[in-house]
Amino acid sequence: MALGVVMIFLVVGTLAFALSQSRVFAVQAIPLEWRPRLDQGKMELEIARSIEADIGVRLANVLGKRPWEINLETLGASIRSLSWIADARLQRVFPDRLVVSITPKRPLAVVLPKGSGLRPITEDGELMEEWKAHVVPDVPFLRGDLFLENPEIRAQAVQLIKALPENGVLDRSNIAEIIWNNGFSLVLLSPRTEIILGETQIEKKLVRVEHVLNYLSSQGKRARIVDSTSVKKVVVRAQHRP
């Protein structure tokens, strides 16, 4: 009986040693899961490529390692430290996979200050490092140093952008610039129009301005400036065609 127990321990020990020395369970694949994917426009695609490259550097030495040789906590913290990562989770999947699930930060706008580079802002209002990629951001530009210096005004600009409709003439993809001059103004890409909104009741004014722009379009007319600072009326300054 005692001999049988010894034999069992020997077999188990031999098997454990063999597994510890083999590469049967070594990591052979590291799929990356996006929650959500960054694919809405050129800027998001550039950020996605940058994230993938940075994560690739951190995972360079993981392939081929066995599960007990990988410190998931340290590796996860390294990935979460990347500037465009909001959260990251790592999970071992039997027999030879390590799944990396990331939540990226999504760009909402960029600040265009005087005499310095572009500074992206995320949907959560976080001011990011200077944008150094060659891709021109396809999000609204916040023009002026005030958006860097005044967190309150910057937060209001974020809320304004989030209040824009998902489609139509005031869709955020049609906003070239947002300016602050004792109140907010928008500059549209097409038709090239300045929308003066002021400081208060922004969402109500956006709805009213959209109705005015749609009406002008239906009549084949354009406006150079649409002034909606008043809560009672919208003033349209027409653009005269030659």
Kindly indicate, with the supporting measurements, whether the criterion side-chain contact (heavy atoms from CB on, under 4.5 Å) is fulfilled by Leu118 and Phe141. CA-CA 9 Å; Leu118 302 176; Phe141 280 59; 3.8 Å; yes
Is there a side-chain contact between Leu90 and Val99, using heavy atoms and a 4.5 Å cut-off? no
Do Ile175 and Val136 land in one hydrophobic cluster if side-chain heavy atoms of ILVMFWY residues count as linked below 4.5 Å? no
Looking at CG of Leu216 and NE2 of His211, how far apart are the two atoms once the value is rounded to the nearest 0.5 Å? 13.0 Å
Same hydrophobic cluster for Leu32 and Leu59, using side-chain heavy-atom links shorter than 4.5 Å among ILVMFWY? yes
How long is the gap from NZ on Lys65 to CD on Gln28, to the nearest 0.5 Å? 14.0 Å
Taking the side chain as every heavy atom from C-beta outward, state whether Val236 and Asp227 have any atom pair closer than 4.5 Å. no
Tell me, do Ile70 and Val62 make a side-chain contact under 4.5 Å, heavy atoms counted? yes
Residues Glu52, Arg49: salt bridge by 4.0 Å N-O rule: no
Looking at side-chain heavy atoms only, is the closest gap between Ile121 and Val158 below 4.5 Å? yes
Does Met43 offer a backbone N or O that forms a donor-acceptor pair with the side chain of Asp138 under 3.5 Å? yes
Please give me the minimum heavy-atom distance between Ala26 and Gly64, naming the atom from each residue. CB-O, 3.3 Å
Check against side-chain contact (heavy atoms from CB on, under 4.5 Å), Phe184 and Lys205: CA-CA 11 Å; Phe184 286 105; Lys205 291 175 180 177; over 6 Å; no
Arg208 side chain to Ser228 side chain, donor-acceptor N/O pair below 3.5 angstrom: yes
Shared hydrophobic cluster, Leu72 / Val93 (ILVMFWY, side-chain heavy atoms < 4.5 Å): no
Look up atom CG in Leu160 and atom CG in Leu142, then write down how far apart they are to the nearest 0.5 Å. 9.5 Å
So, for Val169 and Ser190, which heavy atoms are closest and what is the spacing to 0.1 Å? CG2-O, 4.0 Å
Heavy-atom side-chain proximity of Ile85 to Thr103 below 4.5 angstrom: no
How about Arg89 and Ser101: does a side-chain donor come under 3.5 Å of a side-chain acceptor? no
Tell me whether Gln219 at atom CD has more than 12 heavy atoms from other residues, nucleotides or ligands lying less than 6.0 Å away. yes
Which value, rounded to the nearest 0.5 Å, describes the distance between Ile55 atom CD1 and Ile79 atom CD1? 5.0 Å
Does any N or O in the side chain of Lys105 come within less than 3.5 Å of the main-chain N or O of Ser83, such that one atom is a donor and the other an acceptor? yes
Give a yes or no answer on whether the side chain of Ser81 reaches the backbone of Ser78 with a donor-acceptor pair at less than 3.5 Å. yes
Full working for side-chain contact (heavy atoms from CB on, under 4.5 Å) between Arg172 and Leu108: CA-CA 9 Å; Arg172 71 176 64 171; Leu108 182 75; 3.1 Å; yes
Evaluate side-chain contact (heavy atoms from CB on, under 4.5 Å) for Ile225 paired with Ile196, printing each intermediate quantity in order. CA-CA 8 Å; Ile225 295 176; Ile196 305 174; 3.8 Å; yes
Drop me the distance from Ile47's CD1 to Met128's CE, to the nearest 0.5 angstrom. 7.5 Å
Side chains of Arg192 and Leu188: does their closest heavy-atom pair fall under 4.5 Å? no
If every non-hydrogen atom of Ser173 is compared with every non-hydrogen atom of Leu189, which pair is closest and at what distance? O-CD1, 3.4 Å
Quick one: do Val139 and Ile153 end up in the same hydrophobic cluster if we chain Ile, Leu, Val, Met, Phe, Trp and Tyr together by side-chain heavy atoms under 4.5 Å apart? no
Could you tell me whether the side chain of Thr193 and the main chain of Ala223 form a donor-acceptor pair under 3.5 Å? yes
Find out whether Val235 and Val226 are in side-chain contact, i.e. whether some heavy atom of one side chain is under 4.5 Å from a heavy atom of the other. no
4.5 Å side-chain heavy-atom contact, Arg80 and Asp87: yes
Can you check whether Glu126's main-chain N or O pairs, donor with acceptor, with Asp124's side chain at less than 3.5 Å? no
Between the side chain of Arg97 and the main-chain N/O of Ala29, is any donor-acceptor distance below 3.5 Å? no
Indicate if Trp34 and Leu45 have the same hydrophobic cluster label, given that clusters are the connected sets of ILVMFWY residues with side-chain heavy-atom separations under 4.5 angstrom. no
Just verifying a value: how many Å separate Glu203 CD and Gln159 CD, rounded to the nearest 0.5 Å? 8.5 Å
Between Lys204 and Glu210 (salt bridge meaning N to carboxylate O under 4.0 Å), is one present in this structure? no
Keeping the roles fixed (side chain from Lys132, backbone from Gly117), state whether a donor-acceptor pair exists under 3.5 Å. no
Between Arg143 and Leu112, is there a donor-acceptor pair closer than 3.5 Å when you use the side chain of the first and the backbone of the second? no
Given 3.5 Å as the limit, does a donor-acceptor pair link the side chain of Ser218 with the main chain of Tyr215, or not? yes
Hey, is Arg106 close enough to Glu44 for a salt bridge, meaning N to O under 4.0 Å? yes
Partner of Leu186 under side-chain contact (heavy atoms from CB on, under 4.5 Å), chosen from Val209, Leu206, Asn174: Leu206
side-chain contact (heavy atoms from CB on, under 4.5 Å) test vs Trp84 passes for just one of Ile102, Leu38, Thr122, Asp54, namely Thr122
Main-chain N/O of Leu148 paired with Arg154 side-chain donor or acceptor, under 3.5 Å: yes
Would you say CZ of Arg35 has more than 12 non-hydrogen atoms from neighbouring residues, nucleotides or ligands within 6.0 angstrom? no
